[in-house]
2 protein chains.
Amino acid sequence: MPKVGMEPIRRQQLIKATMAAIDEVGLADATVARIARHAGVSAGIISHYFGGKDGLLEATMRQILSDLGEAVAACRRKLRNDTPRARLEAIIEGNFDRSQVTDPVAKTWLAFWASSMHKPRLARLQQVNDRRLYSNLCAQFRRLMPLDEARLASRTLAAVIDGLWLRGALTPEGLDAEGARRAALATLDRLLAASDSVAASSSVAASDSATAIDAR
Amino acid sequence: MPKVGMEPIRRQQLIKATMAAIDEVGLADATVARIARHAGVSAGIISHYFGGKDGLLEATMRQILSDLGEAVAACRRKLRNDTPRARLEAIIEGNFDRSQVTDPVAKTWLAFWASSMHKPRLARLQQVNDRRLYSNLCAQFRRLMPLDEARLASRTLAAVIDGLWLRGALTPEGLDAEGARRAALATLDRLLAASDSVAASSSVAASDSATAIDAR
DNA sequence: AGTTTTTTATTGAACGTTCAATCAATAAAG
DNA sequence: CTTTATTGATTGAACGTTCAATAAAAAACT
């Protein structure tokens with residue numbers, strides 16, 4: 001039933017169907033036939049809109065990463081006070097946002113992460129996203145502690161966030177977003193508490209934000 | 001060139017070849033032909049010794065998990081003093097042991113983790129291992145803090161360890177074992193420091209170790 | 001307003017490829 | 001001469017892609 005302007009609708013439909021299929025049977029068994037069936041369309045249409053299965057997979061990963069980035073940005077925008085701590089909390093909240101933390105998303109995310117080890121195009125997407133998260137974290141920590149410490153803190157918090165996703169994706173009960181958020185926030189507390197006592201005396205903090213950006 | 005008693009040799013050979021193949025091209029493209037070529041044998045032999053490809057993959061995952069467990073156990077045995085903190089440090093050291101943290105192992109480990117989301121047999125292996133790590137952590141933390149705190153600390157440290165592996169597996173430069181160890185140990189420091197101040201006054205600590213075991 | 005033509009969207013069967021598993025043949029060791 | 005270990009060609013199933021056919025909608029025309 002061809003209407004005009006189907007392209008954006010079909011693309012969304014197929015991306016969603018891809019996540020559903022991966023959630024159901026895993027990336028390895030997510031065939032084009034199965035994805036198409038999930039979307040209620042024919043298999044051929046995938047090549048038509050995405051140039052092939054790989055194109056669809058890449059588009060799906062793009063969607064997940066941009067959704068995640070958008071959720072973080074939204075949390076940042078909601079902030080009333082602009083302290084480094086509040087910013088860091090917003091990053092955590094964004095990463096465990098209800099709209100993001102669903103079984104299909106978590107499982108698809110992990111599947112792509114594993115897959116990106118050997119697919120250069122996916123690896124690039126992953127890396128860009130990764131660096132952005134790390135940069136954001138580091139820029140904020142930098143305002144509260146020396147560079148070395150800030151780097152370590154960023155690495156640690158990033159690892160906690162990814163680790164919680166990872167474990168959540170595998171757990172039979174699904175990712176417990178609320179518990180994960182609490183664990184990540186508690187980690188942040190401890191990371192800041194460590195240098196809070198020092199921060200009072202040594203005022204290395206909050207100078208310019210230009211040097212705060214750290215490209216690993 | 002058939003000699004007797006080839007079975008254990010071939011099994012080891014093929015398991016190692018599996019990791020090498022996954023390191024090289026990923027689980028999705030690790031065909032039996034490629035694995036066999038890596039081991040310098042014919043493809044048919046895989047079905048002969050492992051009953052099929054799935055059997056080989058399961059055996060490979062078993063190997064990785066048992067190696068990891070063995071490394072942790074070895075670090076614990078080396079301990080001179082038996083404080084909870086030393087035990088926790090040993091768990092961390094074991095998880096980032098040089099013999100374990102290689103590219104083939106890290107990549108295979110992650111590939112299996114992703115795969116186990118949809119393969120019940122692998123999921124079971126993963127879960128058993130997971131619970132063991134969590135139990136070990138919780139038993140030690142329990143000697144230093146109240147149960148609720150101990151659970152949160154265990155979850156956090158487990159997430160940090162897995163998160164560091166995860167990020168290490170993807171990073172182009174490979175997993176930086178030394179840096180990861182430092183980050184994990186620093187996290188442990190902070191987790192203990194938080195309740196150290198309390199531990200001095202309230203002596204909830206080091207009583208019996210029977211109630212310390214916590215099955216999640 | 002009705003009819004024809006063009007454009008756009010979609011289908012699904014056919015094709016070629018790839019893979020895991022099988023098994024009869026083979027060759028060394030006991 | 002029997003047993004054990006190994007091979008590699010073969011088989012059948014499954015997959016992604018392609019493309020001619022189709023059908024609906026839009027545009028053009030009378």
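These figures come from a predicted structure and were not determined experimentally.
Spacing between atom CD1 of A:Ile45 and atom P of D:dT17 amounts to 14 Å, rounded to whole angstrom units. The distance from atom NE2 of A:His48 to atom C1' of D:dC19 is 12 Å, rounded to the nearest whole Å. The distance between atom CG of B:Leu27 and atom C1' of C:dC19, rounded to the nearest whole Å, is 14 Å. With rounding to whole Å, B:Ile9 atom CD1 is found 14 Å from C:dA29 atom P. What separates CD1 of A:Ile46 from C1' of C:dT10 is a distance of 13 Å, to the nearest Å. Between A:Phe50 atom CZ and D:dG16 atom C1' there is a gap of 16 Å when expressed in whole angstrom units.
At a threshold of 4.5 Å between non-hydrogen side-chain atoms, the residues B:Asp23 and B:Thr108 do not count as touching.
Which of C:dG12, D:dT6, D:dT17 sits closest to the side chain of A:Val32 comes down to D:dT17. Nearest nucleotide to the side chain of A:Ser42, out of C:dA21, C:dG12, D:dT6: C:dG12. Nearest to the side chain of B:Lys53, among C:dT10, D:dA5, C:dA21, sits C:dA21.
Residue B:Tyr49 has a polar side-chain atom (N or O) positioned under 4.0 Å from OP1 or OP2 of D:dT6. The phosphate of D:dC15 (OP1 or OP2) has no side-chain N or O of A:Arg34 nearer than 4.0 angstrom.
Using a 4.0 Å cut-off between charged nitrogen and carboxylate oxygen, A:Glu93 and A:Arg76 do not count as a salt-bridge pair.
Applying the salt bridge (Lys or Arg N to Asp or Glu O under 4.0 Å) test between B:Glu58 and each of B:Lys119, B:Arg124, B:Arg121 identifies B:Arg121 as the sole match.
Contact annotation for A:Gly51: no contact, since no heavy-atom pair falls under 4.0 Å across all strands. Among the protein residues, B:Ser47 comes within range of the nucleic acid bases, having at least one heavy atom under 4.0 Å from a base atom. In this structure, A:Gly44 reaches the bases: a heavy-atom distance under 4.0 Å links it to at least one base atom across the strands shown.
Side-chain contact of A:Asn81 with A:Thr83: a donor-acceptor pair under 3.5 Å is absent, judged by distance alone. A donor-acceptor contact closer than 3.5 angstrom links the side chains of A:Glu24 and A:His38.
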